[in-house]
Amino acid sequence: EGKSVQQTVELLTRKLEVLGAEKQGTFCVDCETYHTAASTIGSQGQTGKLMYVMHNSEYPLSCFALFENGPCLIADANFDILMVKLKGFFQNAKANKIESRGTRYQYCDFLVKVGTVTMGPSARGISVEVEYCPCVIANDCWNLLLEFMQSFMGNHTPGVPSVFGTKHDSIYSPSDTMGQYMELFNKIRKQQAVPVAGIR
């Protein structure tokens, strides 16, 4: 409350450093929106669909293509070139590029990424991604994640992400992380004037 995006990021990173977290470089997650080309909609009476093409610096050789409420395709980094060739089916919504950039921190077995979410030249919100590295079953470590997040986020700690409800006891994957970034980016797009904090 009453703080700019940059002030809030600095506050969070300072709290992490006081805990003893060490900087481990930077990260970037970006997202470009594509919509169904007008030529493919009209005749069949279908509604337009959105597809999000995303990149994550943690997975530099991969590209993620996500449909809202749909599947996630993981392809190699050349997928962007394919999208140019598919412009008759999917068109880039150029003004909709959004990204989160920031610093990676390691604290014991936790990896924390605090980022500033930007659209164009302006900061629109904050992302906080927290991973408990030894565990691959999301539901098994939620209470531990929650307790750790409360140590530096206080009462701004989020509730259980939707992916935890759908994964149950299955293995958490990079596409689950990208789905959460997509949800956060869409929330920020809809609330453009208000900074939003999102947790992974």
Side-chain angles (χ1 to χ4, degrees), residues 1-31 52 54 56-59 64 66 68-69 72 74 98-118 123-191 194-200:
E1 294 292 324
K3 288 185 170 44
S4 71
V5 168
Q6 192 56 42
Q7 288 171 323
T8 308
V9 168
E10 286 169 9
L11 181 70
L12 284 170
T13 55
R14 207 166 31 248
K15 284 183 176 181
L16 280 167
E17 287 168 7
V18 166
L19 280 173
E22 295 178 7
K23 284 185 183 179
Q24 299 278 311
T26 59
F27 79 98
C28 178
V29 176
D30 66 55
C31 175
Y52 304 94
M54 304 177 72
N56 187 332
S57 57
E58 292 292 306
Y59 312 103
F64 301 84
L66 295 91
E68 210 163 8
N69 304 320
C72 174
I74 303 174
I98 189 168
E99 68 179 22
S100 179
R101 285 182 180 275
T103 308
R104 298 169 87 248
Y105 287 90
Q106 187 81 38
Y107 177 72
C108 301
D109 287 333
F110 293 97
L111 179 61
V112 183
K113 298 176 204 160
V114 180
T116 301
V117 179
T118 56
R124 299 293 174 95
I126 298 163
S127 69
V128 179
E129 177 184 345
V130 179
E131 177 184 347
Y132 180 60
C133 300
C135 186
V136 294
I137 308 294
N139 283 323
D140 288 355
C141 63
W142 173 247
N143 289 333
L144 185 61
L145 281 169
L146 190 62
E147 188 176 325
F148 173 64
M149 287 187 293
Q150 285 169 341
S151 70
F152 68 95
M153 296 190 70
N155 61 356
H156 294 287
T157 303
V160 180
S162 59
V163 70
F164 281 46
T166 57
K167 293 296 281 190
H168 299 294
D169 294 329
S170 57
I171 293 174
Y172 189 88
S173 69
S175 59
D176 297 320
T177 298
M178 299 312 285
Q180 289 181 78
Y181 271 106
M182 181 187 73
E183 286 176 24
L184 174 66
F185 290 163
N186 285 339
K187 190 184 292 184
I188 288 174
R189 278 189 189 106
K190 288 175 184 151
Q191 302 172 355
V194 183
V196 177
I199 308 300
R200 305 284 152 290

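Please read all numbers here as calculations on a predicted model, not as lab measurements.
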Heavy-atom check, side chain of Y132 versus side chain of D140, under 4.5 Å:
no

Any side-chain heavy-atom pair of Q6 and E10 under 4.5 Å
yes

Heavy-atom pair with the smallest gap, counting every atom of V130 and M149:
CG2-CG, 3.8 Å

Tell me whether S100 contacts the main-chain N or O of V29 through its side chain, where contact means a donor paired with an acceptor under 3.5 Å.
no

Counting C-beta onward and ignoring hydrogens, is there a side-chain heavy-atom pair between R124 and V5 closer than 4.5 Å?
no

Between I74 and S175, is there a side-chain heavy-atom distance shorter than 4.5 Å?
yes

Do S151 and L19 have side chains that approach each other closer than 4.5 Å (heavy atoms only, starting at C-beta)?
yes

Here the gap from I188 atom CD1 to C31 atom SG, rounded to the nearest 0.5 Å, amounts to 11.0 Å

Euclidean distance, L184 CG relative to R189 CZ, rounded to 0.5 Å
10.0 Å

Greater than 12 external heavy atoms within 6.0 Å of Q7's CD
yes

Measure the OG-CD distance between S127 and Q180 for me, rounded to the nearest 0.5 Å.
11.5 Å

Taking the side chain as every heavy atom from C-beta outward, state whether Y52 and F185 have any pair of such atoms under 4.5 Å apart.
no

Looking only at non-hydrogen atoms, find the nearest pair between L11 and K3 and report the distance.
CD2-CE, 4.1 Å

Between R104 (side chain) and G25 (backbone), is there a donor-acceptor pair under 3.5 Å?
no

Verify side-chain contact (heavy atoms from CB on, under 4.5 Å) between M153 and L12, making sure each step is shown before the conclusion.
CA-CA 7 Å; M153 296 190 70; L12 284 170; 4.0 Å; yes

Name every donor-acceptor pair, under 3.5 Å, that has one atom in a side chain of residues 106-118 and the other anywhere in the protein, sequence neighbours excluded.
{"unit_1": "Q106", "atom_1": "NE2", "unit_2": "C108", "atom_2": "O", "d": "3.1"}
{"unit_1": "Q106", "atom_1": "NE2", "unit_2": "F110", "atom_2": "O", "d": "3.4"}
{"unit_1": "K113", "atom_1": "NZ", "unit_2": "E129", "atom_2": "OE2", "d": "3.3"}

Note: E131 and L145 closest approach over all heavy atoms is C-CD2, 4.3 Å

Under the rule for salt bridge (Lys or Arg N to Asp or Glu O under 4.0 Å), what residues qualify as partners of R14, not counting sequence neighbours?
none

Measure the CG-CD1 distance between N186 and I98 for me, rounded to the nearest 0.5 Å.
8.0 Å

Do Q150 and L146 make a side-chain contact, defined as non-hydrogen atoms from C-beta onward lying under 4.5 Å apart?
yes

Between F64 and C72, which heavy-atom pair has the shortest distance, and what is it?
CD2-SG, 4.1 Å

Closest approach of M54 and M182, non-hydrogen atoms and distance?
CE-N, 3.9 Å

Could I get the full list of ring-ring contact (aromatic ring centres under 6.0 Å, His included) partners for Y105, not counting sequence neighbours?
none

Donor-acceptor check, side chain of T13 to backbone of V9, threshold 3.5 angstrom: yes or no?
yes

Value for NZ (K23) from CD (E17), rounded to nearest 0.5 Å, stands at 5.0 Å

Any side-chain heavy-atom pair from T177 and Y172 closer than 4.5 angstrom?
yes

